[in-house]
Amino acid sequence: MLEISVLRSNAATVKEKLAKKYFAEINLVDEILVLDEKRRQIQKETDDLLAEQNLAAKSIGALMQKGEKEAAETEKAKVAVLKEQSKQKEELLAAVENEQQQLLVRLPNLPHESVPEGKTPEQNVVVRESGNKPNLSETALPHWDIAKKYDLFDLELGVKITGAGFPVYKGKGAKLQRALISFFLDKATEAGYTEVIPPFIVNESSAFSTGQLPDKEGQMYYANLDGFYLIPTAEVPVTNIVRGDIFNEKDLPLKYCAYSPCFRREAGSYGKDVRGLNRVHQFDKVEIVQIANPDKSYQVLEEMLAHVENILNLLNLPYRILRLCGGDMSFTSALTFDFEVWSGAQKRWLEVSSVSNFETFQSNRLKTRFRDENKKTRLVHTLNGSALALPRIVAALLENNQTENGVAIPEVLQKYTGFSTLQ
RNA sequence: GGAGAGAUGGCAGAGUGGUUGAAUGCAACUGUCUUGAAAACAGUCGAAGGUGAUGAGCCUUCCGUGGGUUCGAAUCCCUCUCUCUCCGCCA
């Protein structure tokens, strides 16, 4: 949620930036500002009425003590009138505040100045490409066929148990999942992130604070009996750890990492793009989150990018980094970099990580602040990134490392898997 | 699931109708002292909104949530949520 103060002082700039994100309802900005004007006016009137009442109540108390009953009764009658007026004002105020909030919540975050122009994924900018694409023979198998060959995971079985998009990992395939999770968590811990195991279902407040609600309920599984949502990413519970908190400047940044399964309804297309592990409803992911001083958050973002890049290098996967264009960025993000790995048999790039700075968009909802050097409270910046999401990593590993004698496991993973080849 | 108790500032803990946004202690911050630190002493020390210059000051709101009673509520009444203790069930 954007800060109202930003709209107030920079309406023109805000509109320009929203246009860069291809936001369709730019007129909302003006509507909100009109409401804001109205809100403050009513606020003032309400406060004045309440102040009058408070004074009267005090004087009644004094009169009662002096035994001046009649004078007290006169005052009481006066207060009754004020009370009626202030009650009406308060109701009006609540209505206007609510209306303003409803509109404010619909504005996406403003893109950072470095965000490239563009509307579609094709216009994302490749920052760099690294690693060598494997030379696979024409008979190289896509990962779903490799999985079948070595019995690593079974999607049909998942259909029986749940439905499409819920893989059942088996044997060495399951072990590989566990190995990757441990490897990723160890790397994050080495980099100073505190490991947490959060709840995998969250309440409405949490889903609202990180920006999943309102409007994105379609992406999440919902346990309606309790009003809980299955998390689409660990970002939601982990970022909500700091909801409502005020930190000292010296305590920032806070660094958390967490493994979690992620549940996404992903109402969308079916077909070859979503075969195998390319897109599933439940998958595993290790997430890194930082709560940062706003003056340093872009350094933090760089650090997080370097962290993800390092892991991909260790896994020896060819990857590229994209700077997302305005039109392809998420609602909540100010700047996002996507990491894609090359999947040799499918011959396509697969997104395995998305690293973003949300600036104050989430913290404004979370009410997460810190005290700066002048003891003033300021909103923190929140950042997060996948480090990493497993299914497409597995897809790329299987495809790129396939040989006639099985699939070679990257050396860094072998101490976690306990085997060097999948066969 | 049943019975009881409770929810106050970063923490602990007073406060049961009238300058109480809230005693006191601890923590924290600033200063004095000290070669430095500690100790001691003095002071400061919640948040949000409005108004003002993003200052001072002033006003409003907030003592789990939402309602109610009253001229006036942290304090009384109701709702909900959560926590704790005991019992039951259970990985």
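Only this structure's heavy atoms are used, side chains among them; waters, hydrogens and symmetry mates stay out.
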(message) Using atom C1' in both nucleotides, what's the gap between B:C29 and B:U8 to the nearest angstrom?
(response) 24 Å
Using residues 413-423 of chain A as the side-chain source, report each donor-acceptor pair under 3.5 Å to any protein atom, sequence neighbours left out, with the distance given to one decimal.
from   : atom 1 : to     : atom 2 : distance (Å)
A:Q414 : NE2    : A:I409 : O      : 2.8
A:Y416 : OH     : A:D186 : OD2    : 2.6
A:T417 : OG1    : A:L413 : O      : 3.4
A:T417 : OG1    : A:Q414 : O      : 3.3
A:T417 : OG1    : A:F419 : N      : 3.2
A:T417 : OG1    : A:F419 : O      : 2.7

(request) May I ask you to decide whether A:K255 forms a salt bridge with A:E303, counting only side-chain N to carboxylate O separations under 4.0 Å? (result) yes
(request) Quote, to the nearest angstrom, the C1' distance that separates B:U81 from B:G67. (result) 15 Å
(message) Quick check for you: to the nearest 0.5 Å, what is the distance between A:L49 atom CG and A:N54 atom CG?
(response) 11.0 Å
Show me the donor-acceptor pairs within less than 3.5 Å that the side chains of residues 219-233 of chain A make with the rest of the protein, sequence neighbours left out.
from   : atom 1 : to     : atom 2 : distance (Å)
A:T233 : OG1    : A:E235 : N      : 3.0
A:T233 : OG1    : A:K285 : NZ     : 2.8

(request) In sequence, state the C-alpha distance, the side-chain angles, and the governing distance for A:M304 and A:Y193, and then conclude on side-chain contact (heavy atoms from CB on, under 4.5 Å). (result) CA-CA 11 Å; A:M304 292 170 79; A:Y193 292 88; 3.4 Å; yes
(message) For A:F361 and A:F331, I'd like to know if the aromatic rings sit close, meaning centre-to-centre distance below 6.0 Å.
(response) yes
(request) Provide the full list of salt bridge (charged side-chain N to carboxylate O under 4.0 Å, His left out) pairs with a residue in residues 77-87 of chain A, sequence neighbours left out, each pair given once. (result) A:E75-A:K78
(request) Using whole Å, report how far NZ of A:K58 lies from C1' of B:U20. (result) 11 Å
Close N/O contacts between protein and nucleotides 64-69 of chain B (under 3.5 Å):
none

(request) Sticking with atom C1', work out how far B:C71 lies from B:G13, rounded to a whole angstrom. (result) 32 Å
(request) Using atom types as modelled and distance alone, determine if a side-chain donor or acceptor of A:E249 lies under 3.5 Å from a backbone N or O of A:E373. (result) yes
(request) Please state how far atom CG in A:D372 lies from atom C1' in B:C29, giving the value in whole angstrom units. (result) 14 Å
(message) So, applying ring-ring contact (aromatic ring centres under 6.0 Å, His included) with A:H112, which one of A:Y298, A:F337, A:F358 is it?
(response) A:Y298
(request) Could I get the full list of side-chain hydrogen bond (donor to acceptor under 3.5 Å, both in side chains) partners for A:E31, not counting sequence neighbours? (result) A:N27
(request) May I ask which nucleotide in the shown strands pairs with B:A27, Watson-Crick or G-U wobble, both distances under 3.5 Å? (result) none
(message) Which residue in the set A:L315, A:V308, A:D284, A:I288 passes side-chain contact (heavy atoms from CB on, under 4.5 Å) when paired with A:F184?
(response) A:L315
(message) Roughly how many Å apart are B:C82 and B:A27, using the C1' atom of each and rounding to a whole number?
(response) 27 Å
(message) Each nucleotide in nucleotides 44-57 of chain B should get exactly one letter: B, S or -. Can you fill that in based on protein heavy atoms under 4.0 Å?
(response) --SSSBSS--S---
(request) Considering just the side-chain nitrogens and oxygens of A:N54, establish if one lies under 4.0 Å of OP1 or OP2 belonging to B:U61. (result) yes
(request) Round to the nearest Å and state the distance from A:L50 atom CG to B:U60 atom P. (result) 8 Å
(message) For B:C58, give the paired nucleotide (Watson-Crick: N1-N3 plus N6-O4 or O6-N4; G-U: N1-O2 and O6-N3; both under 3.5 Å), or none.
(response) B:G50
(message) Would you measure the distance from the P atom in B:C62 across to the matching atom in B:G68 and give it in whole Å?
(response) 13 Å
(message) Roughly how many Å apart are B:C77 and B:G6, using the P atom of each and rounding to a whole number?
(response) 12 Å
(request) Scan A:A51 against the nucleic acid and name what it touches under 4.0 Å (heavy atoms): base, sugar-phosphate only, or nothing. (result) sugar-phosphate
(request) Could you check how far CD of A:E52 sits from P of B:G72, rounded to whole Å? (result) 14 Å
(message) Just confirming the chi classification of B:G52, syn or anti, using 90° around 0 as the syn window.
(response) syn
(message) Using heavy-atom distances to pick each residue's nearest nucleotide on RNA chain B, tell me which of A:A80 and A:K250 is more 5'.
(response) A:K250
(request) Could you tell me which nucleotide pairs with B:G4 by Watson-Crick or G-U wobble geometry, both distances under 3.5 Å, or answer none if nothing does? (result) B:C84
(request) Could you check which nucleotide pairs with B:A39 in any of the strands shown, counting Watson-Crick or G-U wobble with both distances under 3.5 Å? (result) none
(message) Expressed as a whole number of angstroms, how long is the span from A:N248:CG to B:A28:P?
(response) 11 Å
(message) Give me the distance, rounded to whole Å, that separates B:U75 from B:A22 when you measure between the C1' atoms they each carry.
(response) 12 Å
(request) Please state how far atom CG in A:L82 lies from atom C1' in B:U60, giving the value in whole angstrom units. (result) 15 Å
(message) Give me the distance, rounded to whole Å, that separates B:U19 from B:G4 when you measure between the C1' atoms they each carry.
(response) 39 Å
(message) Going by purine N1 to pyrimidine N3 plus the second Watson-Crick contact, or the G-U wobble pair, all under 3.5 Å, which nucleotide sits opposite B:U19?
(response) none
